[in-house]
Amino acid sequence: MTKVLKGIAASDGVAVAKAYMLVQPDLTFQEENVEDPTSEIARLNQAVADSEKELQLIKEKATANLGEAEAAVFEAHLTILADPEFFGKIKSKIKDEKVNAEKALQDVATEFISIFENMTDNKYMQERAGDIRDVCKRVLAHLLGVKLPNPALINEEVVIVAHDLTPSDTAQLDRKYVKGFITDIGGRTSHSAIMSRTLEIPAVVGSQSATKDIEEGQLVIIDGIGGEALVEPTKAEIEHYHQKAADFAKQKAEWKQLKSADSLTADGKKLILGANIGTPKDVVGATDNGAEAVGLFRSEFLYMDASELPTEDDQFEAYKKAVEGMNGKQVVIRTMDIGGDKELPYLPLPDEMNPFLGYRAIRISLDRQDIFRTQLRALLRASHYGKLAIMFPMIATVKEFKAAKAIYEEEKAKLVKAGVPVADDVEVGMMMEIPAAAMIADKLAKYADFFSIGTNDLIQYSMAADRGNERVSYLYQPYNPSILRLIKNIIEASHAEGKWTGMCGEMAGDQIAVPLLVGLGLDEFSMSATSILKTRSLMKKLNTAEMKQLAQKAVTECETTEEVVSLVKNLSL
């Protein structure tokens, strides 16, 4: 009998394929004394050989899919596998102490990791601790005879089943083989959901039990439109969903006709529909979906996909490729937004009670100016090749923005003095995602060239509810009158100073929110590329004067999210 799992529709589309379980195996083991150390060393040698063969294949796949720079980490792993000192010490421990290979591997790895982590005066060597940890995990898995999941090795059509997907996990997914995914946790604004829309693959998140209810190799249907998954479906169900997929493809084809059209409301008001991207490669998806701008380039993915801090030249090439790819249309690049749930193994951050409220984003950049200045130089150099704008994340005060802008001006002056070509029309703005900043938008608008509302964080900070916490997910309310009032305040403050406001949170492509945002006067809507044409189609039906009345009613008369939703759904479109 078909098992149906309910979840949250995260990315439109339908996929039918075998399940690939992206679940970490149990690597616990018992310490044992061995009678035959030679045999145990032979086990270790075989595990190392198997790991080497696996890493060579992963490296080749990563080079082909992600490029040589991203694949460099696997070369480092192969170097560790070939290190005679490291593995010689493990073999000596097996021989001298007559312990099993698993125990010897763990003890020596722990010793080496501790040594490298304490090399605080040598950043490069300190970062090698993470490489040793990864390599030893792989060797241990082979010793225990268990399989480590690796998306880079997938060579057939599958749907990914995982508890959650990290940004680095999703960055490795090959769309040629990965047709969709389902997770236990998450919501429409979780990073896995956002990346699924960027990759244009169907996804269901927040199923609560996918990893328990689905087994490796089972046939699964992912319905990213309805928000459910069918495990071991019947022939009739498969046919039904193939038809649903065909119908959706037909709808997409109709939307595709709007690819080159302007984003106009029914009464002719011109708006800008942009795309949110994570890498320069995503520009293709943006242009294919008719993006009129890139409203958010998440530059942190350049850091997350690397084994060490990306150099100025590495970043310059990435930014240059993005602005050139947009052919004169604006590309808004957010400076590094690391922290919270986005960590870098090579950049240790302090342990915090609540990292979302701690040391992250612009707070790191202002503290670690070496990193910040490197990024700003790369951005300024890239500005010569297209229409580039820069925005700072997590700005809370006027003082923070002015400090960040001052560093930007210093680096710009240095480049100009050195004769490096830099554009004169780079707009420097900020993310509006902290309620305190939203409340002084009139003050900030005097200094920022534009605002970009990051609704994902703005909502969770306003409602004091972690957007990744399923128990308080009911408080993630983008249509709540309180949120709409903050948005209204931000937009009106920018317009009063002759500035523009965009939105790069997922709310910008939300079909319930769009009529309200048009009414509130939002200038630019930036979203996952796959939502652009659908939103452009909706905008053609909206009259701005009527939407202004709708938004005013939502802000002043409605008390609850439900009332606002009902107001929008009663529109005659």
Side-chain angles (χ1 to χ4, degrees), residues 9-16 175-176 179-180 188 194 196-203 222-226 240-277 281-296 322 324-332 387 502-504 506-519 522-547 568-569 571-573:
S11 180
D12 289 342
V14 176
V16 183
R175 285 173 53 194
K176 179 180 177 182
K179 297 304 177 182
R188 271 194 63 85
I194 293 169
S196 70
R197 291 190 287 276
T198 299
L199 292 166
E200 298 186 52
I201 57 177
I222 301 292
D223 180 3
I225 303 169
H240 169 75
Y241 278 95
H242 276 312
Q243 184 59 51
K244 188 170 184 176
D247 292 342
F248 181 65
K250 183 179 178 181
Q251 176 70 79
K252 285 178 70 177
E254 291 177 8
W255 290 334
K256 203 75 174 176
Q257 300 301 311
L258 298 173
K259 177 182 174 182
S260 301
D262 286 336
S263 300
L264 298 172
T265 61
D267 54 328
K269 182 176 180 181
K270 178 79 168 69
L271 298 168
I272 299 296
L273 289 188
N276 296 338
I277 66 172
K281 292 179 181 178
D282 298 334
V283 167
V284 174
T287 55
D288 283 349
N289 283 283
E292 296 163 306
V294 166
L296 170 64
E324 287 182 332
M326 286 303 291
N327 298 313
K329 296 174 181 175
Q330 188 172 65
V331 176
V332 180
K387 191 175 181 182
M503 180 178 288
C504 58
E506 288 304 305
M507 189 175 172
D510 185 311
Q511 302 296 287
I512 294 291
V514 168
L516 296 164
L517 298 173
V518 169
L522 190 69
D523 303 295
E524 179 182 280
F525 298 66
S526 191
M527 61 202 71
S528 300
T530 51
S531 298
I532 291 174
L533 296 177
K534 184 178 181 180
T535 303
R536 184 168 293 154
S537 177
L538 172 61
M539 281 182 171
K540 287 167 62 70
K541 305 172 186 176
L542 305 178
N543 178 285
T544 51
E546 292 175 2
M547 294 309 106
V568 176
K569 287 187 174 180
L571 284 172
S572 298
L573 299 177

Problem set entry | side chain to side chain contact (heavy atoms under 4.5 Å, CB included) against D262, all qualifying residues, sequence neighbours excluded | L264, K270, E292
Exercise. About how many Å separate OG1 of T265 and CG of L538, when rounded to the nearest 0.5 Å?
Worked result: 11.0 Å
Problem set entry | Nearest non-hydrogen partners of A9 and G226, listed with the distance | CB-C, 4.3 Å
Problem set entry | side chain to side chain donor-acceptor pair (under 3.5 Å) involving N276 - partner list, sequence neighbours excluded | S526
Problem set entry | More than 12 heavy atoms of other groups within 6.0 Å of K252 NZ | no
For this session: Report the residues that fulfil side chain to side chain donor-acceptor pair (under 3.5 Å) with K329, sequence neighbours left out, ordered by chain and then residue number.
Result: none
Exercise. Out of curiosity, S537 OG to Q511 CD, how far, rounded to the nearest 0.5 Å?
Worked result: 8.5 Å
Exercise. Distance only, no hydrogens: is a donor on one side chain within 3.5 Å (strictly under) of an acceptor on the other, for Q243 and D247?
Worked result: yes
Exercise. Who pairs with T287 by side chain to side chain contact (heavy atoms under 4.5 Å, CB included), at least two apart in sequence or on another chain?
Worked result: V283, M326
Exercise. Residues two or more places apart in sequence or in another chain: which of them pass side chain to side chain contact (heavy atoms under 4.5 Å, CB included) with H240?
Worked result: none
Exercise. Atom CZ in F525, atom CG in L517: separation rounded to 0.5 Å?
Worked result: 5.0 Å
Problem set entry | side-chain contact (heavy atoms from CB on, under 4.5 Å) evaluation trace for L296 with V332 | CA-CA 5 Å; L296 170 64; V332 180; over 6 Å; no
Problem set entry | G509 versus V514, closest heavy-atom pair with distance | C-CG2, 4.4 Å
Exercise. Any donor and acceptor pair, going by atom type alone, linking the side chain of N289 with main-chain N or O of A291 inside 3.5 Å?
Worked result: no
For this session: Sequence neighbours left out, what passes side chain to side chain contact (heavy atoms under 4.5 Å, CB included) with K179? Give chain and number order.
Result: A15, E157
Problem set entry | Min side-chain heavy-atom separation L516-V568 under 4.5 Å | yes
For this session: Go through L571 and M547 one step at a time and tell me if the side-chain contact (heavy atoms from CB on, under 4.5 Å) criterion holds.
Result: CA-CA 10 Å; L571 284 172; M547 294 309 106; 4.0 Å; yes
Problem set entry | Within 6.0 Å of NZ in K256, more than 12 heavy atoms from elsewhere | yes
Problem set entry | Gap between atom CE of M503 and atom CG of D510 - 0.5 Å precision | 10.0 Å
For this session: For residues I532 and A275, report the shortest heavy-atom separation together with the two atoms involved.
Result: CD1-CB, 3.9 Å
Problem set entry | side-chain contact (heavy atoms from CB on, under 4.5 Å) evaluation trace for T535 with M539 | CA-CA 6 Å; T535 303; M539 281 182 171; 4.2 Å; yes
Problem set entry | Minimum heavy-atom distance between G295 and C504, given as atom pair plus value | O-CB, 4.2 Å
Problem set entry | Closest contact, heavy atoms only, T544 versus V518 | CG2-CG1, 4.0 Å
For this session: Test K569 against I512 for side-chain contact (heavy atoms from CB on, under 4.5 Å), laying out the working first.
Result: CA-CA 8 Å; K569 287 187 174 180; I512 294 291; 3.9 Å; yes
Problem set entry | Straight-line distance of W255 CH2 to F248 CZ, nearest 0.5 Å | 5.5 Å
For this session: Check whether any side-chain heavy atom of D523 lies under 4.5 Å from a side-chain heavy atom of I272, and answer yes or no.
Result: no
Exercise. Do you know the tightest heavy-atom contact between E200 and G285?
Worked result: OE2-CA, 4.1 Å
Exercise. Distance-only, no hydrogens or angles: does the S263 side chain make a donor-acceptor pair with backbone N or O of R536 under 3.5 Å?
Worked result: no
Exercise. Does E524 use its side chain to pair, donor to acceptor, with the backbone of L522 at less than 3.5 Å?
Worked result: no
